[in-house]
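Shown next, in C-alpha cells, is the structure this report addresses.
Positions are given from 1, in the same order as the sequence printed here.
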Amino acid sequence: MRISKAIIPGRHLLVRLTLSCHLLFLLQLSFGQFQDDFADGDFLYNPSWTGDTADFSMSYSSAVPSGQKPALQLTASESDTSCLVVPSTLSSHAEWRFWVKMSFNTSANNYARIYLFADQDDLTVPLNGYFVQLGGSNDSICLFRQSGNVIEPLINGANGYTGNSTNILRVKVTRDESGYWQLLSDPSGGYNFETEGTCQDNTFSSATFFGIFCKYTSSNSKKFYFDDFYADVLFADTIPPSITLVDVLSDSSLQVYFSEPVEKTSAEDSLNYFVNDGPG
C-alpha cells in the first residue's frame with residue numbers, strides 16, 4: 001500500500017500502527033496454525049520439524065498409497081523412541097487431523113503418539129499436554145492427557161483397532177472453547193469419520209509444540225508413515241451436504257452421491273431418505 005506524503009502526521013502514524021497490528025495478528029495466527037502434506041518433498045522447512053530428524057525421511061515407496069505420496073517415514077534401525085515437533089500454539093477452539101500408516105500389529109513396544117500440543121520440544125521428558133495414542137497393549141486409539149510423568153486416558157477407543165498387519169487410518173480431534181473434546185477416525189484412511197468418544201477437560205490451555213512420537217522395536221523401525229497434518233481453528237460447518245447425483249442400480253437400489261463427505265451411520269440409514277415416485 002502506498003501512502004501519500006500529503007497525509008498529516010497524525011493520520012500517517014495511525015495507518016502505520018494499524019498495519020503493524022494487522023501484521024502482528026497474521027504472524028500470531030500463522031504460528032498457531034499449520035498444515036503439512038509434505039508435497040514439497042521436505043520436512044525441515046516450511047514448516048520446520050525439529051528433533052530426531054536423522055531418524056526420518058521422505059518416502060515415495062510402494063508402501064505409501066499414491067494419494068499420500070510423498071509421506072514422512074520413520075527410517076531408524078535399532079529399537080528406540082524417535083520424536084519430531086513443530087511450533088504450534090493452537091490449544092482451544094481447534095481442530096487437528098492427520099493420516100497414519102503402521103505396517104505392523106501394534107503392541108506395548110510398538111505404537112505412535114501424535115501430540116496435539118505440548119509445552120516441551122522433547123516429547124520423552126515430563127511435560128504438560130494432550131496426545132492421541134495409536135496402538136499399545138490394547139491395540140486401541142485413545143486420547144490422553146499428560147501431566148508431567150502422569151498419563152491419564154480421556155477417551156478410550158475400541159480395543160483391537162490397530163491389531164492388524166497393516167493399519168491405515170485418518171484421525172480427527174476437535175476441542176471447543178468449553179473444553180469439550182471429540183475423537184473421530186476413519187479406519188480406511190479416508191474422510192468418513194466416526195466418533196470414537198467425547199470428554200470434557202480443561203486442565204491445560206497453553207500450547208507450544210505439536211509433535212510425533214514413535215516407540216518401536218528394530219523389526220518395525222521403518223514401518224511408520226505420516227501425512228496430511230492439519231491444525232487450525234475449529235470451523236463450524238453450517239451448510240449441510242446436498243445430493244449431487246443419484247444412480248438407479250436396480251428396482252430396489254439407488255447409489256447416492258453427496259457434495260461432501262458424510263457421517264457413515266446416518267448416510268446408511270434408510271429412514272433418512274424419502275423417494276418420490278413422481279406424479280401418479
Side-chain angles (χ1 to χ4, degrees), residues 24-36 47-52 72 81-100 108 111-138 140-158 161-162 169-185 193 195-215 224 226 228-236:
L24 178 61
F25 173 74
L26 290 177
L27 287 172
Q28 290 176 335
L29 200 62
S30 63
F31 186 68
Q33 306 158 358
F34 80 95
Q35 61 183 96
D36 199 350
S48 298
W49 295 82
T50 59
D52 300 316
L72 181 69
T81 298
S82 298
C83 305
L84 290 178
V85 296
V86 65
S88 177
T89 58
L90 200 65
S91 62
S92 184
H93 190 63
E95 176 182 327
W96 299 268
R97 295 197 304 263
F98 51 88
W99 177 92
V100 177
Y111 59 83
R113 291 176 180 173
I114 304 299
Y115 276 81
L116 307 177
F117 66 85
D119 64 350
Q120 303 291 326
D121 62 352
D122 184 351
L123 303 180
T124 65
V125 303
L127 58 85
N128 296 326
Y130 298 89
F131 64 83
V132 176
Q133 182 162 308
L134 310 167
S137 57
N138 292 326
S140 58
I141 171 174
C142 302
L143 175 68
F144 287 88
R145 180 184 65 230
Q146 182 170 347
S147 307
N149 282 318
V150 179
I151 294 175
E152 299 179 71
L154 299 179
I155 299 176
N156 289 310
Y161 190 104
T162 57
L169 60 151
R170 192 179 299 269
V171 175
K172 174 180 175 180
V173 184
T174 63
R175 185 196 199 190
D176 67 16
E177 299 93 332
S178 66
Y180 176 78
W181 292 82
Q182 188 174 25
L183 174 64
L184 308 97
S185 70
F193 294 110
T195 302
E196 295 292 326
T198 61
C199 70
Q200 191 84 21
D201 187 272
N202 275 312
T203 305
F204 302 121
S205 58
S206 178
T208 311
F209 298 99
F210 175 98
I212 304 167
F213 173 108
C214 299
K215 182 176 177 59
F224 292 75
F226 305 92
D228 291 347
F229 287 107
Y230 172 93
D232 207 336
V233 294
L234 185 60
F235 173 69

Result for side-chain contact (heavy atoms from CB on, under 4.5 Å) between Ile114 and one of Tyr130, Phe210, Phe131 points to Phe210
- Answer yes if the ring centres of Trp49 and Phe226 are under 6.0 angstrom apart, and no otherwise. no
Over 60° means perpendicular and under 30° means parallel, so tell me whether Trp181 and Phe117 are parallel, tilted or perpendicular. parallel
Side chains of Arg170 and Asp228: does their closest heavy-atom pair fall under 4.5 Å? yes
Notebook entry, point to check: Side chains of Ile212 and Phe224: closer than 4.5 Å at any heavy-atom pair?
Noted result: no
Check your understanding: Does a side-chain heavy-atom distance below 4.5 Å link Leu123 with Val85?
Key -> yes
> In terms of the angle between their ring planes, are Phe213 and Tyr111 parallel, tilted or perpendicular, with boundaries placed at 30° and 60°?
Replying inline: parallel
With sequence neighbours left out, the residues meeting salt bridge (Lys or Arg N to Asp or Glu O under 4.0 Å) with Arg97 are Glu95
Practice problem: State, with a plain yes or no, whether a side-chain heavy atom of Arg175 is found less than 4.5 Å away from one of Leu143. | Solution: no
Is there a side-chain contact between Arg113 and Phe144 in this structure, where contact means two heavy atoms from C-beta onward sitting under 4.5 Å apart?
no
task = Please check if any side-chain donor atom of Thr195 sits under 3.5 Å from a side-chain acceptor atom of Gln182, or the reverse.
result = yes
All heavy atoms of Ser205 vs all of Ser91, minimum pair found to be O-OG, 2.8 Å
Does the pair Asp119 and Ser206 meet the rule for a side-chain contact (heavy atoms from CB on, under 4.5 Å), with working shown? CA-CA 7 Å; Asp119 64 350; Ser206 178; over 6 Å; no
What one should report as the nearest heavy-atom pair of Ser178 and Asn202 is O-ND2, 2.8 Å
> Are side-chain heavy atoms of Val173 and Val132 found at a separation under 4.5 Å?
Replying inline: yes
Answer yes or no: is there a side-chain heavy-atom contact under 4.5 Å between Leu183 and Leu154? no
